[in-house]
Amino acid sequence: MSSSFLAALPEAELHPGKPPILRVDAPGDAPAWAAENREALRGQVAEHGALLVRGLGLRAADQVGAVFRGLGGDPMEDREAFAPRQVRGPGLYSSSTWPANQPMCMHHELSYRLEFPGLMLFACLSAPGQGGATAVADAERVLQALPAALTERFEREGWLLTRSYNDEIGASLTESFGTDDHAAIERYCHDHAIDFSWAPDGSLRTRQRRDAVVRHPLTGRRCWFNQIAFLNEWTLAPEVREYLVDVYGEDGLPFNTRFGDGSPIGEDVVRLINATYEDHTRREPWQAGDMLLVDNVRTAHSREAFTGDREVLVAMAEPQRSADRRPSPEGGPR
């Protein structure tokens, strides 16, 4: 064991508008360094909600996977994905396939699942030319900043995610469920409180109602925890939304969100949520070799539009299953 691994980590640098940044000297063995400093690193994540570690010099997928396992233990499998990912190792994935010129708005990863990751781990192997930051926002502060009447309604009703799976856009059945076997998918839906129906052409539509506000598993503080705005039709670029509605119809969009009672969410509400996120966004451009750790309940994250080549690897760890996750109203096939 190197004595350098045992030295106390410096405190993260805090600057307005940026995530906390911890600068380190590149260790000769990054996975060993991460394992030895796990408690100190996780302590800073617990304190700040997110931590950008700069100077590790991460360069390869197997190295990143080993670092992530040292910090988060066994990774989670990606299930119910809304967009395809490439598998880069056990529990290690590429960032979601999404047009480079379209941002991925603030969200909490897999917040529509009954079991969701408590910790997100990101590593940058290749930084983009411009843009492309994985920005973060404090979910407790966002909840406090949103209008009380709106958050009280969502807290009372939850939110509804509707999805339509097809072979042309979004994640396929296999990419989302790990199989295209209808019986296996139905069992998964039953087990995870997802209402489903099959169309004559074999395509699948699902509905699942979830909580919009949850308590942090450690602090007990209330957090705005959902993907209401990100997966809503009004967050799409106007030309993309117009095309999808024209091709698939209002009820056939690859994904959309509603109030928990099934009522549509207006464009004004989506714009307000995204604007509130922007008011609380902290961003720092990626540098090759960086690592970002994010408390997935306390902190939302986004991916900004970019140019050039961008390679960011992702893992999800520490599964959480909140006691008050709302089941789907129907909970079975229709």
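Nothing fancy with the numbering, it's 1 onward along the sequence. Note that the structure is predicted; figures quoted are calculated from it, not measured. Atom set for the values below is all heavy atoms of this structure, side chains included, hydrogens, waters and symmetry mates excluded.
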Looking at residues at least two apart in the chain, or sitting in another chain, which of them share a salt bridge (charged side-chain N to carboxylate O under 4.0 Å, His left out) with [X]?
X      : result
Arg141 : none
Glu304 : Arg283
Glu152 : none

Side chain [X], main chain [Y], donor-acceptor under 3.5 Å:
X      : Y      : value
Arg210 : Tyr112 : yes
His48  : Pro20  : no
Tyr277 : Ala137 : no
Arg38  : Leu71  : yes
Asn296 : Glu109 : yes
Ser302 : Met106 : no
Ser176 : Ala81  : yes

Specify the closest pair of heavy atoms between [X] and [Y], including all atoms of both residues, with the distance to one decimal.
X      : Y      : value
Leu51  : Ala12  : CD1-CB, 3.7 Å
Glu77  : Arg79  : OE1-NH2, 2.9 Å
Ala145 : Thr276 : CB-CG2, 3.8 Å
Arg209 : Gly260 : CD-O, 3.2 Å
Arg303 : Ala100 : NH2-O, 3.6 Å
Pro285 : Arg54  : O-NH2, 3.0 Å

Worksheet item: Checking side-chain contact (heavy atoms from CB on, under 4.5 Å) for the pair Thr162/Thr206: CA distance, chi angles, key distance, verdict?
Response: CA-CA 6 Å; Thr162 62; Thr206 63; over 6 Å; no

Practice prompt. Show your working on salt bridge (Lys or Arg N to Asp or Glu O under 4.0 Å) between Lys18 and Glu284 and close with a plain yes or no.
Written response: CA-CA 6 Å; Lys18 294 179 178 290; Glu284 171 67 13; 2.5 Å; yes

Worksheet entry | Given Val136, Leu293, Leu22, Leu292, the one that forms side chain to side chain contact (heavy atoms under 4.5 Å, CB included) with Leu52 |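 Answer after filtering Val136, Leu293, Leu22, Leu292: Leu292.
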
Do [X] and [Y] share a hydrophobic cluster (ILVMFWY, side-chain heavy atoms under 4.5 Å, transitive)?
X      : Y      : answer
Trp98  : Leu231 : yes
Phe306 : Leu313 : no
Leu218 : Val214 : no

Practice prompt. In plain terms, say whether Glu140 and Arg221 are close enough for a salt bridge, that is, a side-chain N and a carboxylate O under 4.0 Å apart.
Written response: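 Looking at Glu140 and Arg221, the cut-off is met.
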
Worksheet entry | Audit row: Arg42, Glu47, salt bridge (Lys or Arg N to Asp or Glu O under 4.0 Å) steps and yes/no | CA-CA 9 Å; Arg42 297 302 306 278; Glu47 180 180 359; over 6 Å; no

I'd like to check the side-chain hydrogen bond (donor to acceptor under 3.5 Å, both in side chains) partners of [X]; sequence neighbours left out, ordered by chain and number.
X      : value
Glu311 : Arg88
Arg282 : none
Ser126 : none
Gln44  : none

Going by ring pair (Phe, Tyr, Trp, His ring centres under 6.0 Å), name the residues that satisfy it together with [X], two or more places apart in sequence or in a different chain.
X      : answer
Phe259 : Phe154
His107 : Phe230, His301
His15  : none

Would [X] and [Y] count as having a side-chain donor-acceptor pair, cut-off 3.5 Å?
X      : Y      : result
Ser111 : Asn226 : no
Thr134 : Trp286 : yes
Trp224 : Gln144 : no
Asp181 : Thr179 : no
Gln208 : Glu80  : yes

Fill in: Full working for side-chain contact (heavy atoms from CB on, under 4.5 Å) between Leu119 and Met316
CA-CA 6 Å; Leu119 177 69; Met316 295 160 273; over 6 Å; no

Around [X], counting heavy atoms of other residues, nucleotides and ligands shown, do more than 12 lie under 6.0 Å from its [atom1]?
X      : atom1 : result
Gln86  : CD    : no
Asp201 : CG    : yes
Asp309 : CG    : no

Side chains of [X] and [Y]: closer than 4.5 Å at any heavy-atom pair?
X      : Y      : value
Asn232 : Asn256 : yes
Thr307 : Asn101 : no
Cys223 : Val213 : no

Discussion item. Assess the residue pair Gln227 and Trp159 against the criterion (side-chain contact (heavy atoms from CB on, under 4.5 Å)); give the C-alpha distance rounded to whole Å, side-chain angles, the decisive distance to 0.1 Å, and a yes or no.
Written reply: CA-CA 9 Å; Gln227 291 176 231; Trp159 63 292; 4.0 Å; yes

Item to complete: Check the angle between the aromatic planes of Phe225 and Phe116 and answer parallel, tilted or perpendicular using the 30° and 60° thresholds.
Response: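 Phe225 vs Phe116 ring planes: tilted.
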
Discussion item. Run Met104 and Ser96 through side-chain contact (heavy atoms from CB on, under 4.5 Å) and show every step you take.
Written reply: CA-CA 9 Å; Met104 297 173 67; Ser96 298; 4.0 Å; yes

Worksheet item: In chain order, what residues pass the side chain to side chain contact (heavy atoms under 4.5 Å, CB included) check against Arg298, with sequence neighbours excluded?
Response: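 Counting only residues at least two positions away or on another chain, Arg298 forms a side chain to side chain contact (heavy atoms under 4.5 Å, CB included) with Asp138, His216, Asp295.
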
Worksheet item: Which residue pairs pass the side-chain hydrogen bond (donor to acceptor under 3.5 Å, both in side chains) test with at least one member in residues 235-244, sequence neighbours excluded?
Response: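 Checked against side-chain hydrogen bond (donor to acceptor under 3.5 Å, both in side chains) - neighbours excluded - the pairs reaching residues 235-244 are Glu233-Arg241, Thr235-Asn274.
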
Worksheet item: Can you list the steps and then say if His190 with Phe196 is a ring pair (Phe, Tyr, Trp, His ring centres under 6.0 Å)?
Response: CA-CA 9 Å; His190 278 299; Phe196 62 90; 5.4 Å; yes

Item to complete: Show your reasoning for whether salt bridge (Lys or Arg N to Asp or Glu O under 4.0 Å) applies to Arg69 and Asp74.
Response: CA-CA 6 Å; Arg69 288 191 297 275; Asp74 293 334; over 6 Å; no

